[in-house]
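Everything below concerns the one structure shown next.
This chain uses plain numbering: 1 for the first residue, then up along the sequence.
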Amino acid sequence: MNRPVTRESYAQRLNRVAEHIWAHLDEPLDLTVLAEAACLSPFHFHRIYRTMIGETVIETVSRLRLQRASMELARSQAPIAEIARRAGYGSNPAFTRAFRAAYDLAPAAFRATRRAETGAPAMPVEVQDRPAMRIATVPHRGPPQQIGQAFDRLMAWAGPKGVVMPPAVGVAVYLDDMSVVPPADQRALAGLTVSPEVGTDDTVTIHEVAAGRYAVLLYKGPYAQIGQGYEELFAWLPTSGEEPANAPCVEVNLNDPRKTAPADLLTELCLPLKP
């Protein structure tokens with residue numbers, strides 16, 4: 001008798017698909033190979049993936065390539081034509097159309113905003129007493145801007161379980177000082193708030209974000225430029241009369257990047273404070 005296929009087994013299969021997509025992001029999309037990675041029939045794989053992940057495979061790959069392109073535009077001086085090729089576009093106009101549709105700016109204008117917004121009004125910071133958060137996490141090691149890979153593995157686990165529903169939110173916990181630890185060695189956790197009945201398994205570990213006082217800055221915009229928010233948060237600190245606690249910063253993602261335009265993404269940057 002065949003063993004019943006559980007939601008957990010589907011989660012493990014889709015986790016393998018997420019890892020394969022990230023590892024082969026520069027290669028042509030092959031649904032047959034992805035179906036094999038998931039041990040699913042190619043005939044039904046696409047519909048199962050869309051139902052459980054919330055977007056098609058093509059949409060996932062396009063989103064990840066454009067997300068990586070936005071990081072490269074914000075953090076490097078690489079030619080736009082080279083970034084376009086890495087994103088899978090054969091011409092600058094095609095890349096520009098796709099990027100503008102996603103980010104509401106042409107690539108050159110997006111790159112220019114990093115410098116142009118230096119003199120923009122400061123984002124407000126609030127001191128808040130926040131409750132504890134119980135999160136299921138997948139570890140990430142490497143540059144913070146690549147934590148999306150861990151979040152995709154997490155969502156591949158969470159989708160089949162049906163736990164990605166409001167009020168669940170994505171949470172990133174950065175375990176190292178980014179100004180001291182080399183990017184390749186930086187550790188972080190990609191997390192999702194979960195109820196008490198969800199426990200540790202082969203994919204996720206349960207982590208508790210402590211309750212307490214936090215300095216909170218609400219950042220609006222693409223993840224590629226979230227460093228602007230941190231610059232303002234830490235510029236606020238010396239004049240605030242507050243001291244940071246010996247605990248990591250936490251990011252709380254208030255909306256879903258798969259369903260929200262990058263310009264409209266809302267992220268709470270939370271700096272723990274001493275009592």
Side-chain angles (χ1 to χ4, degrees), residues 11 15 123-159 161-181 183 185-221 223 226-234 236-237 240 242-258 260 265-275:
N15 212 303
M123 305 174 198
V125 178
E126 294 183 2
V127 175
Q128 301 178 2
D129 290 311
R130 296 178 69 96
M133 291 188 292
R134 186 174 188 271
I135 58 176
T137 70
V138 169
H140 170 69
R141 191 180 188 93
Q145 60 267 30
Q146 295 178 7
I147 197 173
Q149 180 175 359
F151 270 108
D152 282 343
R153 290 167 52 206
L154 178 64
M155 299 309 290
W157 167 87
K161 290 180 173 292
V163 299
V164 192
M165 301 174 65
V169 292
V171 180
V173 182
Y174 295 99
L175 303 175
D176 292 306
D177 185 340
M178 298 178 191
S179 65
V180 176
V181 179
D185 297 327
Q186 290 175 13
R187 299 168 301 141
L189 300 173
L192 180 73
T193 54
V194 292
S195 57
E197 60 266 21
V198 177
T200 295
D201 59 25
D202 292 339
T203 302
V204 302
T205 300
I206 300 300
H207 177 84
E208 297 281 348
V209 177
R213 297 175 68 247
Y214 287 82
V216 181
L217 181 146
L218 180 61
Y219 168 79
K220 181 179 181 180
Y223 296 147
I226 205 167
Q228 297 174 24
Y230 278 106
E231 289 174 6
E232 298 206 15
L233 179 58
F234 281 92
W236 165 88
L237 187 62
S240 67
E242 301 284 352
E243 286 191 58
N246 186 27
C249 287
V250 177
E251 291 178 7
V252 179
N253 302 323
L254 300 182
N255 40 23
D256 188 342
R258 296 171 302 172
T260 308
L265 290 170
L266 296 173
T267 309
E268 291 179 326
L269 310 184
C270 306
L271 173 66
L273 300 173
K274 289 184 177 181

Counting C-beta onward and ignoring hydrogens, is there a side-chain heavy-atom pair between [X] and [Y] closer than 4.5 Å?
X: Asp201; Y: Trp157; value: yes
X: Asp176; Y: Asp185; value: no
X: Leu271; Y: Phe234; value: yes
X: Thr193; Y: Val198; value: no
X: Pro244; Y: Leu237; value: yes

Distance in Å, [X] [atom1] paired with [Y] [atom2], rounded so as to fall on 0.5 Å steps:
X: Glu208; Y: Met133; atom1: CD; atom2: CE; answer: 10.0 Å
X: Tyr230; Y: Glu251; atom1: OH; atom2: CD; answer: 3.5 Å
X: Thr267; Y: Asn253; atom1: OG1; atom2: CG; answer: 5.0 Å
X: Leu265; Y: Asp256; atom1: CG; atom2: CG; answer: 9.0 Å
X: Leu217; Y: Leu269; atom1: CG; atom2: CG; answer: 5.5 Å
X: Tyr214; Y: Cys249; atom1: OH; atom2: SG; answer: 9.5 Å

Exercise: identify the closest heavy-atom pair between [X] and [Y]:
X: Pro248; Y: Val173; result: CG-CG1, 3.8 Å
X: Gly191; Y: Phe151; result: O-CE2, 3.4 Å
X: Ile147; Y: Ala172; result: CD1-CB, 4.0 Å
X: Leu192; Y: Ala158; result: CD2-CB, 3.8 Å
X: Ala150; Y: Ala190; result: CB-CB, 3.7 Å
X: Val252; Y: Cys270; result: CG2-SG, 4.3 Å

(message) Restricting to salt bridge (Lys or Arg N to Asp or Glu O under 4.0 Å), what partner residues turn up for Arg213, sequence neighbours left out?
(response)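 Arg213 satisfies salt bridge (Lys or Arg N to Asp or Glu O under 4.0 Å) with Glu242 once adjacent residues are dropped.
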(request) Test Val138 against Asn15 for side chain to side chain contact (heavy atoms under 4.5 Å, CB included), laying out the working first. (result) CA-CA 11 Å; Val138 169; Asn15 212 303; 5.7 Å; no
(request) Any side-chain hydrogen bond (donor to acceptor under 3.5 Å, both in side chains) involving residues 125-137? Give me the pairs, sequence neighbours left out, ordered by first then second residue. (result) Glu126-Gln128, Gln128-Arg130, Arg130-Glu268
